[in-house]
There are 2 protein chains.
Amino acid sequence: MSSDLTTGRLSVYLRCLNYLEQEGVETVSSQELAEKFHLNSAQIRKDLACFGEFGTRGVGYNVNRLKAQLVHTLGIDRKRNVLIVGAGNLGMALADYRGFNSTGFEIVALVDIDPEKAGRASRSGIPVKPYSRLAEVVRENAAEIGVIAVTPESAQEVHDALVAAGVLAILNFAPVQLRTQPRVKVKTVDLRINLESLSFFLKNIEDGTL
Amino acid sequence: MSSDLTTGRLSVYLRCLNYLEQEGVETVSSQELAEKFHLNSAQIRKDLACFGEFGTRGVGYNVNRLKAQLVHTLGIDRKRNVLIVGAGNLGMALADYRGFNSTGFEIVALVDIDPEKAGRASRSGIPVKPYSRLAEVVRENAAEIGVIAVTPESAQEVHDALVAAGVLAILNFAPVQLRTQPRVKVKTVDLRINLESLSFFLKNIEDGTL
DNA sequence: GCATGTGAATGGATTCACAGCT
DNA sequence: AGCTGTGAATCCATTCACATGC
């Protein structure tokens with residue numbers, strides 16, 4: 001009934017609603033939402049209808065109530081603990097990244113294979129622990145989400161270690177095709193693929209193909 | 001004929017081929033590629049056929065030749081210069097990120113609104129310049145790709161400045177719905193949406209819905 | 001014989017258009 | 001009258017299955 005695409009859009013709607021709330025808007029129709037944020041009104045209605053009847057016919061949606069519904073639907077009405085594996089440039093940046101360390105999520109720790117790094121902390125104070133203690137760290141902090149921010153070479157091993165430690169949701173930044181478990185959800189954010197896609201676009205402009 | 005999804009997969013194939021090349025494999029069939037990397041053989045063939053007849057019937061694809069073809073198709077057979085806007089945690093990490101600063105791409109500079117930061121450099125030596133000189137920096141370095149690594153509040157302004165400076169491809173890390181130009185390609189990497197999607201998955205496990 | 005390249009078939013996701021509620 | 005919720009229609013992407021060529 002609801003795919004990854006649908007839930008991705010729920011996040012987008014939630015962001016739009018936050019914005020409208022700040023503006024003091026109390027009620028919004030799918031039309032208005034669509035026009036203001038370049039979406040399709042039918043799709044908004046259909047997406048929302050997947051999870052209940054949130055609107056009022058003839059009126060629209062109550063911003064506060066819809067927001068609360070989406071927060072609940074997305075499961076961020078309670079805190080989820082996040083563990084980052086790899087305290088390199090990327091891992092450290094993610095640990096301190098505002099948009100990452102936000103409503104519903106808390107980065108509880110980083111782990112790194114380099115013993116030098118263990119004991120230190122990120123700029124905002126998130127502690128770095130030894131990779132060897134990964135399973136313990138997951139357990140002690142009740143981490144539910146693992147972030148892979150290591151080299152492509154180690155990514156599979158880290159994935160397996162996270163799964164073995166009981167983590168069921170993983171965000172992977174390593175540019176590799178991971179062998180995954182069916183029970184575990186892995187989302188990969190591949191920066192290189194994004195850049196290559198932009199390069200493809202530029203090339204087509206040059207060639208006059210587009 | 002070829003969508004964003006298709007070109008994304010070309011990048012994946014390219015990565016697979018790099019791997020096979022290292023392994024010393026000279027020829028590969030769509031079957032073998034599919035099995036080894038969990039893809040669909042018909043899709044591989046169709047994707048590749050979009051851009052020319054790269055294979056030999058009865059034999060398969062020559063790894064080196066196909067790789068070269070893909071590199072050419074993606075437009076990374078020449079260097080593309082990248083400018084990062086925002087020298088905060090994320091911008092700095094991206095500047096030094098291996099997978100980012102790789103074949104076909106070169107980060108030429110960062111710019112930042114904070115005058116304190118101008119004149120410094122990233123750990124790997126990429127210079128930080130004042131935001132006020134953005135257009136100049138784009139011109140002088142022939143930057144083709146802009147990366148937005150600033151706060152959500154400034155993202156639209158930075159987008160507009162990049163477009164005004166002549167940048168036609170933008171990678172956006174700010175969690176906002178940007179108002180874009182049709183001539184300009186914008187790809188957004190939204191970390192929060194990814195986390196929320198994982199949260200949704202976890203919630204469904206808890207609720208036993210899945 | 002074997003693997004590509006491709007029309008045809010399937011399967012999803014998006015959009016349309018309207019019935020039904022307020 | 002106005003807007004939601006939704007079956008029907010459309011569009012796009014993936015997969016199947018085979019004709020074509022090595």
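Chain naming here is simple, since letters A, B, ... match the order of the sequence lines and numbering starts at 1 in each.
- In this entry the distance linking CG of A:L48 with C1' of D:dT6 reads 14 Å, nearest Å.
- Whole-Å rounding puts the A:H38 NE2 to C:dT15 C1' distance at 18 Å.
- Nucleotide D:dT14 holds its C1' atom 13 Å from the CG atom of B:L39, rounded to whole Å.
- Of the possible polar contacts, one joining the B:S199 side chain to the A:L74 backbone as a donor-acceptor pair under 3.5 Å is found.
- Across the interface with DNA chain C, nearest-nucleotide mapping of B:A49 and A:D4 shows B:A49 to be the residue nearer the 5′ end.
- Remark: P of C:dC18 and CZ of A:R45 are 13 Å apart, rounded to the nearest angstrom.
- With hydrogens and angles disregarded, a donor-acceptor distance shorter than 3.5 Å links the side chain of A:S3 to the backbone of A:L5.
- Taking only side-chain atoms of B:S30, from C-beta outward, the nucleotide of D:dT6, C:dT4, C:dG5 with the closest atom is C:dT4.
- A side-chain donor from one of B:D96 and B:S124 sits under 3.5 Å from a side-chain acceptor of the other.
- A sub-4.0 Å separation between OP1 or OP2 of D:dA13 and a side-chain N or O of B:S3 is present.
- The shortest distance between the side-chain N/O atoms of A:N40 and the OP1/OP2 oxygens of C:dT14 is not below 4.0 Å.
- For B:E140, the CD atom sits in a packed shell: over 12 heavy atoms of surrounding residues, nucleotides or ligands are nearer than 6.0 Å.
- A:Y13 and A:D47 share a side-chain donor-acceptor pair at under 3.5 Å.
- Side-chain contact check for B:D160 and B:Q156: at least one donor-acceptor pair (N or O, by modelled atom type) lies under 3.5 Å.
- If you check distances only, the side chain of A:K46 does reach the base of C:dT15 with a donor-acceptor pair under 3.5 Å.
- Of the residues in residues 51-70 of chain B, those placing a heavy atom less than 4.0 Å from an atom of DNA chain C are B:E53, B:F54, B:G55, B:T56, B:R57, B:G58, B:V59, B:G60, B:Y61, in numerical order.
- Nucleotide D:dT6 holds its P atom 16 Å from the CD1 atom of A:I44, rounded to whole Å.
- If you find the closest nucleotide of DNA chain C to A:R9 and to B:Q31, the one lying nearer the 5' end belongs to B:Q31.
- If you measure from atom CD of B:E32 to atom P of C:dA3, you get 8 Å, rounded to the nearest angstrom.
- Distance from the side chain of A:L5 is smallest for C:dT14 among the nucleotides D:dG7, C:dT14, D:dT4.
- Rounded to whole Å, atom P of C:dT4 lies 15 Å from atom CD of B:Q43.
- In this structure a side-chain-to-backbone donor-acceptor pair under 3.5 Å is missing from A:R80 to A:I145.
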